[in-house]
Structure formats: C-alpha cells, structure tokens
A.B. asks: 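Before anything else, here's the structure in question.
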Amino acid sequence: MTKNALTDALISSAIALALSVFMIGFRTTDAPGGLVLTYKIPLVISIVAVVFLGRLFLNLFWWRRPSSTKTKNRYFDILQVRWASGGISLHGITLLLAFALPLLLFVLNAKMNLGLPLRYWFDIATLVLTYIMLGWGLNIVVGMAGLLDLGYVAFYAIGAYSYALLAQHFGLSFWVCLPLAGLLAAVWGVALGFPVLRLRGDYLAIVTLAFGEIIRIVLLNWYQFTGGPDGLSGIPRPSFFGLPFKRYGDNTFHIFMGLEYSTLHRILFLYYLILILALLTYFVTNKMRRLPIGRAWEALREDEIACRSLGINTVNTKLTAFATGAMFGGLAGSFFATRQGFISPESFTFIESAIILAIVVLGGLGSQLGVVIASVVMIGGFELLRNMSWLKLLFGEDFDPSLYRMLLFGLAMVAIMVWKPRGFISSREPTILLKEKTQ
Amino acid sequence: MSDQLSWQIDPVLDVQNLTLAFGGLVAIDDLCFQSARREITAIIGPNGAGKTTVFNCLTGFYKPDRGVIALRHDDGNQYHLERMAEFRINNRASVARTFQNIRLFTGMSVLENLLVAQHQKLMKASGMTIGALLGLGGYRSREKQAIELAMHWLETTDLHYRADDLAGDLPYGDQRRLEIARAMCTQPLLLCLDEPAAGLNPKESNMLSQLLLNIKSQEKIAILLIEHDMSVVMEISDHIVVIDYGRKISDGTPMQIRNDPKVIAAYLGVDETREAVK
C-alpha cells in the first residue's frame with residue numbers, strides 16, 4: 001500500500017518536474033547584452049516537493065479512507081450529527097463569539113501586544129456579517145423555495161438607493177428608512193416575482209439575471225435621480241439613538257457616554273448593527289421555516305404539482321418567498337449605504353450576486369449554519385489571501401502572492417465542491433419531530 | 001325505475017358531457033358518469049383510453065373544452081370544478097388526488113408531508129404567518145390538532161413508526177400509502193386515486209384494498225379509482241366505468257361489467273370472423 005502510494009507520488013512529481021522545468025524554471029530577462037536566461041531552480045524544487053508530498057498525503061490518508069462514509073445516507077453528515085447532538089450549544093457558541101469578538105480582539109491586542117489593525121479587523125467582520133445576512137436572505141429564495149435567483153444583488157441595490165435617496169431628499173433618519181427600504185425591496189421582489197411565476201430552473205435563472213442587470217443599468221443611466229455613475233455621496237451616517245458619532249458637536253456619542261473620542265466607536269456600532277440585523281434575519285427565517293409558509297416553500301421546491309393538488313396557492317407562495325428574500329436584501333442594502341456613505345452602481349454588479357449565491361451553495365442549500373461557515377470561508381478567506389507574504393518563503397522572493405489570489409480562491413472553491421458536493425452542511429433539519437412531542 | 005342504482009339517486013360527483021381534445025386527438029369524448037358517497041367508483045380501460053386525462057380534468061390540471069363537472073357538498077353547495085383553479089379545487093371543493101408516478105415531497109419527513117397537506121388550515125391558524133411571527137393567536141394548539149390528524153392517518157396506513165423519516169427513504173409500497181394518507185389529510189369529499197396499486201406486490205396490493213375499504217367505511221367520502229389490477233378493482237369497487245378511446249363503453253356494477261360483451265371486446269379484441277358475419 002505504501003509502496004503503491006510512493007510510486008504514484010514519484011510519477012506525479014516526475015510529471016510536475018517535466019512541466020515546471022520549462023514553464024517555470026527558465027525565464028528570459030532583459031540584460032545589457034540582450035535576452036538572458038535566468039534559472040529558478042528553488043521554485044521548481046518547491047513545486048515538485050509540494051506535488052510529491054501532496055500526492056503522498058492524498059494516497060495515504062485521503063483516498064484510503066474506508067468507503068463506508070461515502071455510501072452512507074446522503075442526508076447523513078458527520079458535521080451534522082455533531083451539530084444536531086449539541087445543536088444549541090454550537091449555536092450559542094457562534095452567537096457568543098459574534099457578540100464578544102470586538103472585546104476579544106481588544107483584549108488580545110492589549111495583553112499580547114499584537115498590534116492588530118483593529119479597524120481593519122472590525123471592517124472585515126462587518127463585511128462577513130453583511131454577506132451572512134445576504135446569504136440568509138437569498139437562502140429563502142434559493143435554498144428553501146428552490147427558485148434560482150441570479151439577480152439578488154438588485155434588491156441589495158434597491159435597499160441601498162432607497163435609504164440614500166430617502167435620507168437625502170426627505171431627511172429621514174436611518175431607523176425610519178430601514179423598514180421603508182425593506183418594504184420597497186419586498187415590493188420589487190413581488191414585481192420580479194410576477195413575470196417569472198411560470199418559470200423554473202435555468203429559465204428562471206436567466207430572467208432573474210436580466211432583472212439584476214436592468215436595475216443596475218437603470219441606476220447607471222438615470223442621472224437626474226440616482227446620480228448615474230457618479231453615485232450618491234454624503235449619505236447620512238447612522239446615529240446612536242439620536243447621538244451622532246462626531247468628533248465635534250454638542251450632543252455626540254462620546255460626550256454623552258463620557259468617553260474619549262475614537263473612530264472605533266462608529267465602526268463598532270456598525271458591527272453590532274449588522275449583527276442585530278443578521279440575527280433578525282436568522283430568527284425570522286428560522287421561525288418561518290417552522291410555520292406553514294416555510295413548509296410550503298420547501299414543498300414547492302420538492303414538487304410544485306403535488307403542492308397544487310394539496311390546495312397550496314403556488315402563486316402566493318412563490319411571491320412571498322421572493323418578497324421575504326428581497327426584504328432582507330433591502331435591509332442589508334440600507335446598512336451598506338449608511339456604512340459606506342457613498343454608493344454607486346459599481347457596487348451592485350453581477351459578481352456580487354454570484355458571490356452571494358456561491359455562499360448559499362457552498363454552505364449547503366437551505367442550511368443556515370452553512371451560510372455562516374461559507375461566508376467566513378469565502379469573504380474572510382478572500383481577505384486572508386491579501387496577507388500571504390509567508391508564501392514568499394516557499395516560492396522565492398519575487399513571488400507575488402496577491403496575484404494568485406483569484407486562482408487560489410477558485411481552487412479552494414473547486415476543492416470544497418469535490419469534498420462536499422452538497423455544500424458544507426448538506427443535511428436538512430426537519431421542521432418538526434414527533435419524538436419531541438412524545439418524549 | 002326500480003333498478004335505479006345508488007350513484008344515480010344521490011351522486012356526489014356528476015360529470016356531464018365532458019370533452020377534451022388535444023389538437024386533433026379527442027382524449028375525452030362526451031363522457032358522463034356519476035359517483036356516490038361511501039362508494040368506490042373504478043374507472044378502467046386499456047392504456048391510453050383517457051383515464052388519467054379525466055382525473056386531470058376533475059382536479060383542474062386540464063381545462064375541459066366542454067362539459068360540466070359538478071360536485072355537491074352536504075350543505076347544498078355545488079361546485080363547478082371545470083371553472084376552478086386547481087388549488088381551489090382542493091381547498092374549496094375538497095377534492096384530493098394521488099398521482100400515477102408518486103409525487104411525495106421526498107426531501108421532507110413523513111410528518112411534514114402530512115402537515116403540508118393541511119397548509120390552508122394551518123396558514124389561517126398562523127394568522128397568515130405574520131400573527132404567528134409576532135406570537136399572536138393559538139397557532140400551537142392548531143398545529144397540535146394537525147399533528148393528531150396526521151398521526152391518525154399514519155396509523156390507518158400503518159406508517160406511524162416512520163413519522164420522522166424522510167418520505168423519499170420509504171419503500172415503494174409505503175410511499176403509495178403515504179400519498180393516500182397525505183391526500184386524506186386535506187379532508188376531502190372526493191378522493192381520486194390514480195393507479196394506487198401499480199408496482200405493488202400481491203401482499204401490498206391486498207393491504208391497499210383493505211385500506212381503501214377501511215376509508216370507505218369510516219369516512220363519508222366518494223372514492224374514484226383508476227386501476228389496471230383487475231383483482232383489486234373487482235374486489236373493492238361498487239361501481240365501474242369503462243372507457244375506451246375517451247368514450248364510455250360501459251357503466252355498472254362489477255357483475256354487469258364482467259359480462260358486458262363491449263368490455264370484453266375492448267380488452268381482449270373481437271373475433272374477426274364473427275365481426276364479419278355480423
């Protein structure tokens with residue numbers, strides 16, 4: 001067994017060597033006397049070593065694993081079992097971690113003198129939470145109701161522009177605009193829902209994709225209303241129950257609280273704001289899942305014709321799914337607008353829809369916890385790849401890791417889908433269990 | 001008329017002159033039949049005779065070109081099914097159906113399947129979702145009742161010990177019975193079963209016959225049955241309608257049907273020499 005693994009690894013590294021010697025090992029550089037070949041032997045050696053060790057590892061530990069795990073029930077999942085047995089505690093730990101994260105970072109920073117760029121970390125955490133919220137919103141439409149929506153970012157944009165325009169033209173505060181933006185996005189969700197009621201699968205995906213683009217192009221071209229490509233700037237920042245986060249002024253947050261002024265206050269406030277919005281999304285979605293409407297959404301995903309034969313109004317059911325999903329997108333959008341202070345159609349391109357959809361799919365369709373994991377992995381991982389200077393130790397000084405960011409990211413996604421084709425959490429929790437009742 | 005039959009005296013379902021053509025193909029041609037409460041009416045006929053098309057007209061999946069499908073409720077209300085949308089046929093007119101190729105919500109648990117069937121009722125109880133989200137109203141007690149109804153039907157169909165399993169994980173015969181249980185959870189007045197015995201072994205189809213007889217005796221409903229398994233049909237039905245090429249060729253009790261030369265001709269073919277002599 002080990003011998004086979006060794007030969008296999010040797011063959012693989014020989015192939016890697018043959019390929020990399022010519023493609024990576026030699027490079028022509030401009031020198032005073034014309035082109036000169038430079039050799040990059042260490043790089044070739046490290047690549048071959050990586051292939052050899054990786055292949056050996058896969059052979060010995062990965063592909064040799066007992067096949068029983070693969071033939072098990074497809075709804076059965078190691079992670080899920082662990083989760084189900086300690087479901088509340090894991091939820092609790094995640095929640096606690098989310099609430100305590102800023103404190104944790106502060107303490108770590110002070111005690112261990114890490115010198116972390118706190119603002120940067122909070123910004124990333126806020127970004128991850130925004131995507132978690134968007135993922136949960138899209139999960140209603142794609143994961144639960146089974147309606148493939150490629151234009152989800154349109155609702156994000158509608159929420160953002162609703163807040164920006166309402167605040168600028170009518171001087172409404174963030175807390176008034178937030179529900180209005182959610183409502184407007186929901187209305188647009190219904191507006192999109194109507195024409196696509198009869199469509200499913202690929203056809204639905206194309207139409208929603210077009211819808212997302214239409215919204216973006218309208219925002220781009222309706223100059224008088226949306227500012228076109230210039231975007232909208234000077235969007236009012238949120239206040240802490242009427243106390244603005246300003247350095248100077250009479251009744252500001254830091255004076256009221258008796259604190260030293262710090263820009264971190266606002267950043268932290270935004271972090272907790274999106275945390276609360278995301279939790280709202282979570283609890284509402286989770287509750288809806290256990291209500292008839294949620295079961296109808298899931299039934300719709302399973303079999304639409306059977307739904308109709310059981311007296312379910314599929315039109316209303318689909319529209320409520322679109323509207324609810326869109327509403328959370330809109331709420332996240334207004335948060336985005338108030339956080340950035342500036343929005344333009346640039347922020348609402350198709351790639352955003354694709355990332356949100358990727359989060360939902362990678363997490364496992366319909367799984368709430370999966371969205372959290374996938375957001376942390378995708379958004380956090382994406383940021384992590386910006387700080388990969390340690391790779392220079394492996395591949396030499398002139399290796400620029402940031403250039404390989406997208407490549408690594410793509411590789412990671414492919415790897416995840418090979419490893420877990422149905423997403424991180426592929427099992428579905430039943431909305432009701434009889435055993436609970438008879439216990 | 002002394003020999004007037006039960007379904008002509010007090011029909012629950014009255015189908016008159018039902019006609020449906022797909023382009024040039026007349027799938028149902030001027031079909032009339034009645035069906036009575038507490039009776040099993042079997043619709044039989046060779047493959048492609050139009051039986052499932054009749055069901056699709058009854059349950060609103062197809063709109064007939066002509067004809068009347070009247071369903072009489074106890075309170076005297078009469079519903080014209082040919083004019084109603086399919087989901088209203090279930091939740092207003094109380095018609096439930098099963099499908100020839102089983103259509104369960106395979107990714108959901110058995111109990112969830114039966115709760116989805118009670119959607120309309122539970123939706124109202126949940127205050128159209130908003131009420132229950134805000135914690136208003138007695139949704140919990142209504143849900144409990146719904147679970148009790150579901151358990152009643154799971155016990156009747158002998159599936160109660162699998163309530164928390166995924167519907168897709170059940171064996172084929174159990175899935176057939178679960179589909180019937182799910183249809184019954186909508187508390188129908190008319191139950192349409194499209195080939196419930198297809199693919200069942202003799203033991204399972206015997207169980208199915210018992211289940212249908214049980215439903216017939218316990219519930220005040222009319223059962224409409226499409227079936228190819230003649231042993232099941234002859235054993236349990238009270239009334240048989242025979243269709244061939246979309247037309248009714250015979251209608252009567254199992255005994256009458258068994259001896260009807262037209263039925264024998266449709267099923268077994270006609271001796272050509274005797275045909276020529278006629």
Side-chain angles (χ1 to χ4, degrees), chain A residues 72-76 84 140 143-144 146 280 283-318 320-321 323-324 327 364-366 422 426-439, chain B residues 59-61 85-99 102-113 115-126 128-129 132-133 135 139 143-144 146-147 150-151 154 160 163-169 179 182-183 185-186 188 192:
Chain A
K72 265 183 195 158
N73 186 333
R74 67 194 168 114
Y75 295 97
F76 188 84
I140 296 174
M144 289 168 77
L280 177 82
F283 284 116
V284 170
T285 321
N286 221 16
K287 178 90 184 165
M288 279 179 125
R289 233 192 119 222
R290 284 158 216 280
L291 288 176
I293 185 76
R295 293 205 191 101
W297 286 339
E298 293 198 80
L300 195 68
R301 176 192 65 202
E302 301 282 328
D303 196 322
E304 191 175 339
I305 288 175
C307 275
R308 282 190 271 165
S309 84
L310 294 171
I312 293 174
N313 185 340
T314 49
V315 171
N316 288 351
T317 309
K318 278 186 190 179
T320 47
T324 317
M327 183 183 76
L365 286 175
R422 292 166 60 87
S426 52
S427 58
R428 174 181 171 276
E429 253 192 313
T431 59
I432 190 158
L433 279 174
L434 197 67
K435 286 186 193 112
E436 279 178 355
K437 203 179 134 246
T438 50
Q439 250 170 19
Chain B
T59 50
F61 285 89
E86 66 276 77
F87 69 93
R88 286 196 204 286
I89 288 183
N90 180 278
N91 65 37
R92 294 263 169 82
S94 306
V95 178
R97 72 170 292 180
T98 67
F99 295 87
I102 306 172
R103 284 183 176 277
L104 288 170
F105 307 122
T106 48
M108 300 171 82
S109 79
V110 167
L111 185 59
E112 283 173 320
N113 266 272
L115 290 182
V116 169
Q118 303 176 58
H119 176 77
Q120 199 63 23
K121 200 169 62 181
L122 287 173
M123 197 68 185
K124 273 192 196 119
S126 75
M128 290 314 179
T129 307
L133 271 182
Y139 173 69
E143 193 185 42
K144 220 171 196 170
I147 293 171
M151 284 317 288
L154 284 180
H160 52 284
D164 290 337
D165 291 349
L166 286 179
D169 288 352
E179 213 189 9
R182 188 179 68 179
C185 273
T186 66
C192 304

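To find a chain, count down the sequence lines: A is the first, B the second, and so on, and within it residues start at 1. Since this is a predicted model, take the numbers as computed values, not measurements.
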A.B. asks: As an exercise: rank Thr314(A), Leu291(A), Thr320(A) by heavy-atom pairs under 4.5 Å with chain B and give me the winner.
C.D. replies: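 Looking at each option in turn, the highest pair count goes to Leu291(A).
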A.B. asks: If the condition is side chain to side chain contact (heavy atoms under 4.5 Å, CB included), which residues does Thr317(A) pass it with, not counting sequence neighbours?
C.D. replies: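 Thr317(A) satisfies side chain to side chain contact (heavy atoms under 4.5 Å, CB included) with Ala296(A), Trp297(A), Leu300(A), Ile312(A) only.
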A.B. asks: Return the minimal non-hydrogen interatomic distance between Ile140(A) and Ala321(A), and the atom names on each side.
C.D. replies: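 Looks like CG2-O, 4.0 Å.
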A.B. asks: Work out which heavy atom in Met151(B) is nearest to a heavy atom in His160(B); give both atom names and the distance.
C.D. replies: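 What the structure gives for the nearest pair is CE-CB, 3.8 Å.
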A.B. asks: Would a 4.5 Å heavy-atom cut-off, applied to side chains only, mark Phe99(B) and Glu179(B) as touching?
C.D. replies: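 Yes, their side chains come closer than 4.5 Å.
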A.B. asks: Between Thr186(B) and chain A, which part of the residue has a heavy atom less than 4.5 Å away: side chain, backbone, both or neither?
C.D. replies: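 The answer is the side chain of Thr186(B).
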A.B. asks: Under the side-chain hydrogen bond (donor to acceptor under 3.5 Å, both in side chains) rule, collect the residues that match up with Asn313(A), sequence neighbours excluded.
C.D. replies: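 In terms of side-chain hydrogen bond (donor to acceptor under 3.5 Å, both in side chains), with neighbours along the sequence ignored, Asn313(A) is linked to no residue.
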A.B. asks: With a 4.5 angstrom heavy-atom cut-off, is it the side chain or the backbone of Ala163(B) that approaches chain A, or both, or neither?
C.D. replies: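 The side chain, not the backbone.
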A.B. asks: Given the options Glu143(B), Met108(B), Arg97(B), Lys121(B), which has more heavy-atom pairs under 4.5 Å with chain A than any of the others?
C.D. replies: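 Highest number of heavy-atom pairs under 4.5 Å: Met108(B).
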A.B. asks: Given a strict heavy-atom distance threshold of 4.5 Å, which part of Gln118(B) is in contact with chain A: side chain, backbone, both, or neither?
C.D. replies: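 No part of Gln118(B) comes within 4.5 Å of chain A.
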A.B. asks: Just give me the residue among Ala299(A), Gly294(A), Ala306(A) that pairs up with chain B most often, heavy atom to heavy atom, under 4.5 Å.
C.D. replies: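 Of Ala299(A), Gly294(A), Ala306(A), Ala299(A) has the most heavy-atom pairs under 4.5 Å with chain B.
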